[in-house]
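Below: the structure, in structure tokens.
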Amino acid sequence: MEPPLTDTQGIKTRFAPSPTGNLHLGNVRTALYSALYAWQQNGQFLLRFEDTDQERSRPGFVQSIMSDLRWLGLDWDEGPGCGESCQEDYHQSGRAEIYQHYFDQLIEKELAYPCFCSNEQLAAIRRSQLASGQPPRYPGTCSRLSAEEVEAKRAKGIAPTLRFRVPKDEVIHFEDLLKGEQHYHCRDIGDFVIRRADGSAAFFFSNAIDDSLMGVTDVIRGEDHITNTPRQIMLLQALGLRIPRYAHTPMLLGDDGSLLSKRHGSFSVQELRGQGYLPEAVVNYLGRIGQAVDVEECLPARDLAQHFFLQKMSHSPARFDSSQMDFWQKKAVTRLDTTKALDWSRTRSMVPEAQQQQFVRLILPNILFGEDMKKWAEILYQPLEEISDAAQQVLQETDPEFFAAAVQSLDEVGEELSRFAAVLGERSGRKGRALFMPLRAALSGRLDGPSIPDLLALLGVEEAKKRMQNDRILSCPNHRK
Ligand code: GLU
């Protein structure tokens, strides 16, 4: 038996996705907590692909999961593509020999036996157990087969699964890092399948074996896996392998209150990337769900790790909240520097070089997505084509004299743009919204966005005057009278 983990042992966590779909926010949250927990303690974060289910696993999902993790800044310290490692080391499909070695050990110790029950037989047993009010559990039918009976079934060509013989009178204890002491009576757990009829290792088995062999010290995963844990502890105990610590985190629900799954397309990382969310926004939002982090700043994942304490996490499930996601997006956006912002919004070629810095500084606080920024580049640096209905309405309600007064005021203040509003206020007798909204409408064709002095600075006085004298504006019905 390997000695138990000690407190001083270096921390190693892992993310072990099955490549059967794109990453959704529930998975990312598990990956994020695992990475942050390790990095907070100068430990290692490992990536492993659990692709023993050949039918549902796809190489394309392996690529997209790795690309999403890298995009999020969750680069793994150990796993596919790191150092000298070869693909087989971290893809379970390449580790069949290792699992076979441990199947053989269990068979030799008579702790595993072949099961010939068909799916139909198992379903019938389940139905009758449920009908008589018993919990569904394998009744051990094949555990009592003699060697001759086993041979006879094999001779008929029936491919068996391999079941683990659960010790009947034991209680499995473990200390969940989040939920505290847990215990499960083995009598409530039926003998379970560890090798499928096609010879591949079942999830319970390969997952537990790999965690132990790869030196994972702390398994952090969703609480939907908590009932797997006693089974996995039994397996590791039976094989004399080291047992990691476990933490089962509350589930992340969609905004409709249902469990996030691969079906929730809109909560996939791909979808959020496509919508224009920044990786820091995703990481900082998810990192704060269900726990108070002591910094308000939007930080890259490795820096956020210094403020992350798994044990402080709430025990209740959390709902995805798009307003919080946008709150962190706003923070992430305002941290972009000129180069990054221009690349992200694809506006570099639209904005005159001398104006780029100012454009980015004044526009970033007003937008959430790169597309919005592009819109502002069009508004400011291309002929003003689009006037929103609300802006149209404001223009119709504004006398042409107001714009004449605005042009005169601009001439009067010259370079001192900060005086413009006061001078125009005096001249036109307007103030507040009545003063600013028609100006916004005329200058940008919309009623939101940067302040009037900022708009003037970005447009330049000549262009601003042109827009206020624009035929199209002056030809609004009210202006024609
Ligand atoms: N491959 C499993 C999954 O994607 C891993 C579960 C675990 O983290 O132990 O659900």
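The chain is numbered in sequence order, starting from 1. We count ligands from 1, going down the list as the structure has it; atoms in each ligand are counted the same way.
Taking the ring centre of Y138 as origin, the terminal cationic atom of R163 falls inside the region bounded by 6.0 Å and 45° from the ring axis. By the 6.0 Å and 45° rule, R195 stacks over the aromatic ring of F103. For the pair K331 and W328, the cation-pi criterion (under 6.0 Å, within 45° of the ring axis) is fulfilled.
Taking a cut-off of under 4.0 Å to the non-hydrogen atoms of E50, the atoms of ligand 1 that pass are 1 (N), 2 (C), 5 (C). If you number the atoms of ligand 1 from 1 as listed, the ones under 4.0 Å from a heavy atom of S18 come out as 1 (N), 2 (C), 3 (C), 4 (O). For ligand 1 and H225, the ligand atoms under 4.0 Å from any heavy atom of the residue are 6 (C), 10 (O).
In this structure, Q63 contributes its side chain and P59 its backbone to no donor-acceptor pair below 3.5 Å.
For ligand 1, the polar-atom distance check finds no N/O of P17 at less than 3.5 Å from any of the ligand's N/O atoms.
Judged by the shortest distance from any of its heavy atoms, F203 lies inside the 4.0 Å radius around the atoms of ligand 1.
Closest heavy-atom approach to atom 8 (O) of ligand 1 among the candidates H248, Q92, R48, R14: R14.
Sorted by first then second residue, the side-chain hydrogen bond (donor to acceptor under 3.5 Å, both in side chains) pairs that include residues 71-82, not counting sequence neighbours, are K12-E78, W39-D77, D77-R302, E78-Y90.
The part of N207 lying near ligand 1 is the side chain, judged by heavy-atom distances below 4.0 Å.
In this structure K179 satisfies the salt bridge (Lys or Arg N to Asp or Glu O under 4.0 Å) test together with E223, sequence neighbours excluded.
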